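Written out below as structure tokens is the structure these notes cover.
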Amino acid sequence: MTTVYLKPHKEESLLRFHPWIFSGAIQSIKGNPQEGETVQVRDSRNNFLGVGHYQIGSIAVRILSFRDEEINDTFWAQRIRQSFEMRCSLGLNVPGQNNTYRLIHGEGDFLPGLVVDIYGDTAVMQAHSVGMHKERHRIAHIIADTVPAVKNVYYKSEGTLPYKAPIETTEKQDKYLIGGNGNNIAMENGLQFHIDWLRGQKTGFFVDQRQNRSLLEQYAHGRKVLNMFCYTGGFSVYALRGGAHSVHSVDSSAKAIELTNKNIALNFPQCTSHKAFAMDAFKYMEQSHDTYDLIVLDPPAFAKHRDALRNALQGYKRLNAKAFEQIKSNGLLFTFSCSQAVSKEQFRLAVFSAAAQTGRKVRILHQLTQPADHPVNIYHPESEYLKGLVLWVE
Ligand code: SAH
């Protein structure tokens, strides 16, 4: 097997189980690894450190195991089974009630570069590394063997694989690796959702807001709710089940609004208290004369990279300031950031600045994060990305 040797002292983060090796840490490579190949990593004194997927780029190796073991069928089957058993024991795989959950959350499940979401009988799989791309067929079959409900595996990595990776265009195309007739209605906490993994964003649904949507349901009763950046209308459907007086959903994408309306109709066919608007968030908040008791702000990641951080923080401040201006007295604001590059503290500071600018009296009721099926590997703090605050605004 190809061996990657690290420069002296560059093994320290690996000894603390961080799974990434940056290209600058490499002293030499014995062999001529292809991108995506499994390599062994050793320190400058030839001590074994781990095995992982090799890739050309800033992260040169993603560690799959810190043990000297073969990355074979048994390895994949064990890892995938452990992830599935964890989801079952967390009560996320409950037929008739909840069959929507993340099965594999990359580094958080010790499988860097791989994301798999389950929607009823379909698994949607995303590779972020060439190594995971090369393993896609094996992984797909193991998922189908491990998760009894899964009959279809859809591979959706066109947008997530490294742009320059030496992969044939036809190989990269999004397609079913197994099956192809998925029932695209899935259940989350007893609610039904149309999930469009073929054309939708990411894997088709934002599974990561499940618990936060449940919290909103508890507070929705009798309130006038604005769900800004609604996408599939997740928060709106929960607000209606929670007994909201009315719900307005806004998203700049017409397709998202169409999905939201479909999801409302699916759960509440007689509903007359919901309206959806295909409009830019800032434009909506400037033009609307409606006032709200509960506002959700769940924008897309404003900063995908560190260099976009300043603008992102300004964006969060501007957006939250608009909500503070519009929310009624004793209103609730659910505000989120899913930018990995923005820390909890930075996000809170941006929201603080927005509050101070409007002079409203604001208290933090809840500090929210990603749910248990998006675990954070304690040795890889980068896996934590979702941050939210629930604020009481007087
Ligand atoms: N809250 C959603 C997920 C939101 S994803 C859920 O629970 O599933 C972010 C959404 O913001 C996307 O649907 C995207 O279309 C929308 N969006 C992006 N820019 C926008 C803008 N300027 N105004 C309104 N919506 C926008």
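As the structure is a computational prediction, the values presented were derived from the model and not from experiment. What you see below is based on every heavy atom in this structure, not just the backbone, and it leaves out hydrogens, waters and symmetry mates. Counting starts at 1 for both ligands and their atoms, following the listed order.
- Heavy-atom contacts of A281 reach the following atoms of ligand 1: 21 (C), 23 (N), 24 (C) (cutoff under 4.0 Å).
- In the vicinity of D280, heavy-atom distances shorter than 4.0 Å reach the ligand 1 atoms 21 (C), 22 (N), 23 (N).
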request  = Start with the C-alpha gap between N99 and I118, add the side-chain angles, then the distance that decides, and say whether side-chain contact (heavy atoms from CB on, under 4.5 Å) holds.
outcome  = CA-CA 7 Å; N99 59 16; I118 305 289; 5.8 Å; no
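- The protein non-hydrogen atom at the shortest distance from atom 18 (C) of ligand 1 is P300 CG, 3.5 Å.
- Residue F235 touches ligand 1 through its side chain alone, judged by heavy-atom distances below 4.0 Å.
- Not a single heavy atom of K283 lies less than 4.0 angstrom from ligand 1.
- Geometric assessment of R241 against the ring of Y238 yields a positive cation-pi assignment under the 6.0 Å and 45° thresholds.
- Protein heavy atom at the shortest distance from atom 13 (O) of ligand 1 is D251 OD2, 2.6 Å.
- Here the heavy atom of the protein found nearest to atom 3 (C) of ligand 1 is D298 OD2, 3.4 Å.
- Of the protein's heavy atoms, S252 OG, 3.1 Å lies nearest to atom 26 (C) of ligand 1.
- The shortest heavy-atom distance from S253 to ligand 1 is under 4.0 Å.
- Protein heavy atom closest to atom 4 (C) of ligand 1, with residue, atom name and distance, is F229 O, 3.2 Å.
- The aromatic rings of W76 and H53 lie parallel to each other, with less than 30° between the two planes, well short of the 60° mark.
- Using cut-offs of 30° and 60° on the angle between ring planes, the pair W197 and Y119 is parallel.
- For the 3.5 Å distance criterion, the side chains of S249 and T260 fail to qualify, holding no donor opposite an acceptor.
- Side-chain contact annotation: S214 with N189, donor-acceptor N/O pair under 3.5 Å present.
- Proximity annotation for atom 12 (C) of ligand 1: of Q201, M228, K255, R213, Q201 comes nearest, heavy atoms only.
- Between P300 and F229, the closest side-chain pair of non-hydrogen atoms falls below 4.5 Å.
- Using cut-offs of 30° and 60° for the angle between ring planes, the F66 and F17 rings count as perpendicular.
- Only backbone heavy atoms of M279 (N, CA, C or O) come within less than 4.0 Å of ligand 1; its side chain stays farther off.
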